[in-house]
Amino acid sequence: MARLERDKVSGQMTTGHEWNGIKELNTPVPSILWAFLITATIFSVSWTVLMPSWPGINGYFRGLLGVDQRVAVTQSVEEAAVERESWTSRIDSEDFATIQADPDLMAIVRETGAALFGDNCAACHGTNARGNPGYPNLVAAPVMWGDDPETVAETIRVGINGTSPEARYAQMLAFGRDQMLARADIDAVVSYVETLSQPELAAGMDAGMLAAGASIFADNCAGCHGEDARGMTDTGAPNLTDHYWTYGGDRATIRHSVYYGRAGTMPSWEGRLSPTHIKLLTLYVLDLRANEQ
Ligand code: HEC
Ligand code: HEC
């Protein structure tokens, strides 16, 4: 028979069990632990009643408070769509100058434009739009096709040398490969073109050869690049007198351009980007240019 007795050392009652003379103290659960357990139980029970909790056959118990994260998300998505709708329709309806004069709309242009540019254009033109070999700098270089907003939007829409039937067409002829100019004439005109952006080179060159180069240029190149070689937006031929080069301004690269010709391809974005996005990108590119000057 178990015999309850009080332990002399701790003053606690024993459980009455005894194993080979070892007795077990009957230590009660501390009241703080009881308090914690009771509070936690009350809290969990009330939480399952107030909040969405138990699964059922036809759905789940929604809780007395009616809290629903999905409703909250749908609501904020709807709010964002309404806000977006209001600025998209303004971008669509306002003309370029009005948008450019509106700081709120331009903040949207900068944010949305940067994302669109990164996704669609940066692979060729570089993340900072400053170009890569073969792909023009859109920020600082003089434009080949014109920098009024309608022209830029049109370039983005139809592309250059691409598959769209409306695409802009621009080709640098292959004067060497297609035997339009003799080798010596190519060397002369290449020297002349070098001196257009680096006049200091002329001192080290033969004056007669440079004069021949200038007249070859006037006869063969000026029609597209202009008499002054500053480019012509009608033909899309670039300015050859500055320090911006699509392909390169060193002698070997210039010679390559003249010998083999060039025809860079810019894809058409109509159908791939919405008219709103094309307009945003136009404004974005022109904004980068404006901040550069
Ligand atoms: C596959 C490469 C490629 C992609 C992608 C690309 N471009 Fe181009 N882009 C070019 C090339 C190459 C040219 C120059 C073509 C030429 O005139 O020979 C060009 C020219 C342009 C021009 C004309 C520049 C001038 O001086 O008139 C604009 C504007 C332009 N791109 C904007 C964009 C925008 C905006 C995007 C993104 C929607 C984009 N490009 C995506 C290759 C690309
Ligand atoms: C039919 C019009 C046309 C004629 C003629 C022409 N060009 Fe071009 N040229 C272009 C176009 C368009 C480009 C731009 C090609 C591109 O970006 O893909 C170009 C590009 C160039 C480039 C490369 C520029 C760069 O930024 O890297 C050089 C150099 C050049 N031309 C020199 C000449 C010389 C020299 C002649 C005369 C012997 C000449 N071109 C005649 C249309 C022409």
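Ligands are counted one by one from 1 in listed order, and the atoms in each one are counted from 1 as well. Every value quoted in this text rests on a predicted model; they were computed, and no experiment measured them. Scope of the values below: all heavy atoms of this structure, side chains included, with no hydrogens, waters or symmetry mates.
With respect to atom 28 (C) of ligand 2, the closest heavy atom belonging to the protein is L240 CD2, 3.8 Å. Of all protein heavy atoms, the one lying nearest to atom 29 (C) of ligand 1 is V152 CG1, 3.9 Å. Protein heavy atom at the shortest distance from atom 23 (C) of ligand 1 is T155 CG2, 3.8 Å. Nearest protein neighbour of atom 41 (C) of ligand 1, counting heavy atoms only, is W269 CZ2, 3.6 Å. Regarding atom 24 (C) of ligand 1, its nearest protein heavy-atom neighbour is L138 CD2, 3.8 Å. In terms of protein heavy atoms, atom 25 (C) of ligand 1 is closest to M144 N, 3.3 Å. Looking from atom 5 (C) of ligand 2 to the surrounding protein, the closest heavy atom is N220 O, 3.2 Å. Here the heavy atom of the protein found nearest to atom 42 (C) of ligand 2 is Q171 O, 3.4 Å. In this structure, atom 2 (C) of ligand 1 lies nearest to the protein heavy atom C124 SG, 1.9 Å. Protein heavy atom at the shortest distance from atom 14 (C) of ligand 2 is P238 CD, 3.5 Å. In this structure, atom 34 (C) of ligand 1 lies nearest to the protein heavy atom C121 SG, 3.4 Å.
Atom 8 (Fe) of ligand 2 has an N, O or S atom of H225 closer than 2.8 Å. Inclusion of M266 in the first shell of atom 8 (Fe) of ligand 1 is supported: an N, O or S atom falls under 2.8 Å. Checking H125 against atom 8 (Fe) of ligand 1, an N/O/S atom falls under the 2.8 Å cut-off. Within the 2.8 Å limit, M172 places at least one N, O or S atom next to atom 8 (Fe) of ligand 2.
Within the listing of ligand 2, atoms 1 (C), 2 (C), 3 (C), 4 (C), 5 (C), 42 (C), 43 (C) sit less than 4.0 angstrom from a heavy atom of C224. Numbered from 1 in the order shown, with element, the atoms of ligand 1 that lie under 4.0 Å from a heavy atom of T265 read 10 (C), 11 (C), 12 (C), 42 (C). Atom numbering of ligand 2 starts at 1 in the shown order; those under 4.0 Å from a heavy atom of V193 are 35 (C). Here is the list of ligand 2 atoms found below 4.0 Å of a heavy atom in A170: 12 (C). When each atom of ligand 2 is checked for a heavy atom of G248 under 4.0 Å away, the hits are 27 (O). Below 4.0 Å from some heavy atom of L281 lie the following atoms of ligand 1, by number and element: 38 (C). With ligand atoms numbered from 1 in the order given, ligand 1 contributes 35 (C) to contacts under 4.0 Å with heavy atoms of I156. Near G134, the atoms of ligand 1 lying under 4.0 angstrom from a non-hydrogen atom of the residue are 12 (C).
A donor-acceptor distance shorter than 3.5 angstrom exists from the side chain of D242 to the backbone of Y244, with no hydrogens or angles considered. When atom types are taken as modelled, the side chain of N291 and the backbone of D287 share a donor-acceptor pair closer than 3.5 angstrom.
Residue Y247 places at least one N or O, backbone or side chain, under 3.5 Å from an N or O of ligand 2. Polar contact check, W145 against ligand 1: a nitrogen or oxygen pair lies under 3.5 Å apart. Between T246 and ligand 2, a contact under 3.5 Å exists for at least one N or O pair.
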**OP:** In sequence, state the C-alpha distance, the side-chain angles, and the governing distance for R168 and T155, and then conclude on side-chain hydrogen bond (donor to acceptor under 3.5 Å, both in side chains).
**Re:** CA-CA 7 Å; R168 294 191 188 285; T155 303; 3.0 Å; yes
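In the displayed structure, R70 atom CZ is contacted under 6.0 Å by at most 12 heavy atoms of other residues, nucleotides or ligands. Remark: L33 CG is packed, more than 12 non-hydrogen atoms of other residues, nucleotides or ligands lying under 6.0 Å away. For E200, the CD atom is densely surrounded, since the number of other residues' heavy atoms within 6.0 Å is greater than 12. Annotation: R272, atom CZ; neighbour count of heavy atoms from other residues, nucleotides and ligands within 6.0 Å is above 12.
Donor-acceptor pairing under 3.5 Å is recorded for the side chains of D7 and S10. For N161 and T265, the side-chain atoms include no donor-acceptor pair closer than 3.5 Å. No side-chain N or O of E194 forms a donor-acceptor pair with one of Y192 less than 3.5 Å apart.
If you look at N161 next to ligand 2, there are no close heavy atoms at all, none under 4.0 Å. If you look at L116 next to ligand 1, there are no close heavy atoms at all, none under 4.0 Å. No part of A123 comes within 4.0 Å of ligand 1, judged by heavy-atom distances. If you look at I160 next to ligand 1, the close heavy atoms, those under 4.0 Å, all belong to the side chain. In C221, the parts holding a heavy atom less than 4.0 Å from any atom of ligand 2 are both the side chain and the backbone.
To the nearest 0.5 Å, atoms OG1 (T14) and CD (E5) are separated by 5.0 Å. Atom OG of S53 sits about 11.0 Å away from atom CH2 of W47, to the nearest 0.5 Å. Residue M144 holds its CE atom at 8.0 Å from CG of L138, rounded to the nearest 0.5 Å.
Looking at P133, G261, A237 and measuring to atom 11 (C) of ligand 2, the nearest heavy atom belongs to A237. Ranked by closest heavy atom to atom 13 (C) of ligand 1, the top entry among A263, G264, P136 is P136. The nearest non-hydrogen atom to atom 35 (C) of ligand 2, considering only V258, L181, L196, comes from V258.
Within the 4.0 Å heavy-atom shell around ligand 2 one does not find G223.
Contact record, P142 with R289: CA-NH2, 4.0 Å, taken as the closest heavy-atom pair. Closest approach of T235 to A170, counting heavy atoms only: O-CB, 3.7 Å.
Placement of I38 and V45 in two distinct hydrophobic clusters is found when ILVMFWY residues are connected by side-chain heavy-atom separations under 4.5 Å, directly or transitively.
Cation-pi geometry between R110 and Y284 is not satisfied (NZ or CZ under 6.0 Å from the ring centre, within 45° of the ring normal). Within the cation-pi definition used here (under 6.0 Å to the ring centroid, within 45° of the axis), R62 qualifies as a partner of Y60.
Under the 4.0 Å criterion applied to side-chain N and carboxylate O atoms, R130 and E292 are assigned as salt-bridge partners.
By the 30° and 60° cut-offs, the orientation of the rings of F217 relative to H225 is tilted.
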